[in-house]
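One structure is given below, encoded as structure tokens.
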Amino acid sequence: MLRFAPSPTGDMSIASLRIAIINYLVSQQKNDQFLVRIEDINSKKNIEGKDTEVMMLLEKFALKHNAVFHQTEHLNLHQTLALRLLKDGKAFVCKCTEEELETEKKSAKENSLTYQYSGHCENLTTEEYDLLKVSGEKFVIRIKKPTKTITYNDLIQGNQRANPDEIDSFIILDSESKPTHNFACAADDMMGNVNFIIREDKHLINTPKQIHIKNLLGYEDETKYAHISSLKNNDESSSLTWLFKEGYIPDAILNYLLLLGNDKATKEIFTLPEAIEWFELESLGKSPASFDITKLQFINREHLKMMDDRELSTLFGFADADIGKLAKVYLKECSTINELEAKIRPIFKPKDFSGEFGESMQILSELIFQAPAFETFDKLKEHLSTKSGLKDDTLINPLRQLLTGTGSGPELSEIYPYIKSYILEVAS
RNA sequence: GGCCCCUUCGUCUAAUGGUUAGGAUCCAUGGUUUUCAUCCAUGUUAUAGGAGUUCGAAUCUCCUAGGGGUCACCA
């Protein structure tokens, strides 16, 4: 079982999307299940609607999941498991106040030491615990730190180890009886039998803690870990929202994200099904890659070239393969949907006859309205030339302005076949 | 500050002790094109720095520098 565990606390980042893609891809390679878990246990940070937004994005990238749930649905389960650890003496009640802990942390920092829990409440008796419950005084539950060093092998980062002091006796149930991230995460991975965890490398530090939790809960199945190195510049300019707004398409973004840090790609331009064939999780690089928009532009253009003509035309409000073909001519100078739109729209807009070529444009427009339909641009050109007396530059320049609304662009003979059925609309 | 990770053209990367350090992208130049672009051709640009091991180091070791992560009742 593989899983993607986003938290609904903001817009999905490309780094997060990359993790989702890789999880899905590996699940396909292993013919395994892919689970989506919305990590919404921190109600303060949750943003309304971000969970459905994530699901819509997954769909947009064609990452199909077998199941989805919100982590808060498991509150009872988390509490039960925490109490079980308490009962088994593997966890303890801690009544240290946040202020007390804050002071300890501060002094640790001042002395340049790593903060560690003092162990103050470790030996609280059950009687004291009962009293605490009755008194209404706030308390948390901490898991007891391990007695041995925890080691594991990460498929990408190599052998990892964490000693007991690094893991520490950390909080698993907070003062409102809600599970902390590491506990909820480990518990859900265990209950869902997630045995292959692929996530961002920022979780590297959490892994030994989660292994410790699962150990104490008696989970014995082997879990494989792969922590993907993060992206260097994961900022606003590389946000998914921005990319979509700029006219980048999902296939291209997916292609690009899978290419980063990858040395197994047999070619640079590929689709998800193709990547499933050759992708090798273990060979992903450790060094953080930086997001480079110019490379994405290139990839986006290549994917637009591969897109079905008719489908492409729908992006500009048409349903005509010819318009798709027309757009592809413009791909020579464009790499995003927005750029294409900026070229195609003016073709169908009423033209401005007040400019430098206005007079000639008027003449040509009238001639086109009176003329029969011509199969090729050469025939149209010949006809217009004969009737108007214009030729070469004096013909082409106003004609380009009339047909495309702009002074430069592809050869008119190249685009004419795709616009000829709209010629009356175009030439006015 | 402790611990961990990273460093090859601007960018993504190749080269598992022996290459002229390769490819893609970007950029530049030339040719083609009645325009811009495309296309074709050509070209510039890299082993972070320093020691060591070795006949030979991008590759192994050490040091230095730079970058990142982490040390929560955040996820």
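All figures in this text were calculated on a predicted structure; none of them were measured in a lab. Naming: A, B, ... by sequence-line order, numbering from 1 per chain.
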**Report entry** salt bridge (charged side-chain N to carboxylate O under 4.0 Å, His left out) evaluation trace for Glu414(A) with Lys332(A)
**Finding:** CA-CA 12 Å; Glu414(A) 209 176 344; Lys332(A) 287 169 185 168; 2.5 Å; yes
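No option in Tyr248(A), Phe270(A), Phe291(A) other than Phe291(A) meets the ring pair (Phe, Tyr, Trp, His ring centres under 6.0 Å) test with Tyr256(A).
The salt bridge (Lys or Arg N to Asp or Glu O under 4.0 Å) analysis of residues 11-20 of chain A, with sequence neighbours excluded, yields the pairs Asp11(A)-Lys50(A).
Evaluation of the ring-ring contact (aromatic ring centres under 6.0 Å, His included) rule for Tyr115(A) yields no partner, not counting sequence neighbours. Qualifying ring-ring contact (aromatic ring centres under 6.0 Å, His included) partners for His303(A), counting only residues two or more places apart in sequence or in other chains: none.
Distance from the side chain of Ser287(A) is smallest for rC6(B) among the nucleotides rC6(B), rC74(B), rU25(B). Relative to the side chain of Glu333(A), the nucleotides rA75(B), rU13(B), rA37(B) differ in distance, and rA37(B) lies closest.
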Requested in this report: Summarise how protein sits on nucleotides 67-73 of chain B as a single string, 5' to 3': B when a protein heavy atom is under 4.0 Å from the base, S for sugar-phosphate-only contact, - for no contact.
Outcome: ---SSSB
Query raised in the report: What string of B, S and - do you get for nucleotides 39-46 of chain B, 5' to 3', if B is base contact, S is sugar-phosphate-only contact and - is no contact with any protein heavy atom under 4.0 Å?
Result: --------
Tabulate below the donor-acceptor pairs under 3.5 Å that side-chain atoms of residues 353-365 of chain A make, not counting sequence neighbours, or state none.
from: Ser354(A); atom 1: OG; to: Asp352(A); atom 2: OD1; distance (Å): 2.7
from: Ser354(A); atom 1: OG; to: Asp352(A); atom 2: OD2; distance (Å): 3.4
from: Ser365(A); atom 1: OG; to: Ala427(A); atom 2: O; distance (Å): 2.8

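The C1' atoms of rU45(B) and rU13(B) are separated by 15 Å, rounded to the nearest whole Å.
For the pair Arg142(A) and Tyr117(A), the cation-pi criterion (under 6.0 Å, within 45° of the ring axis) is fulfilled.
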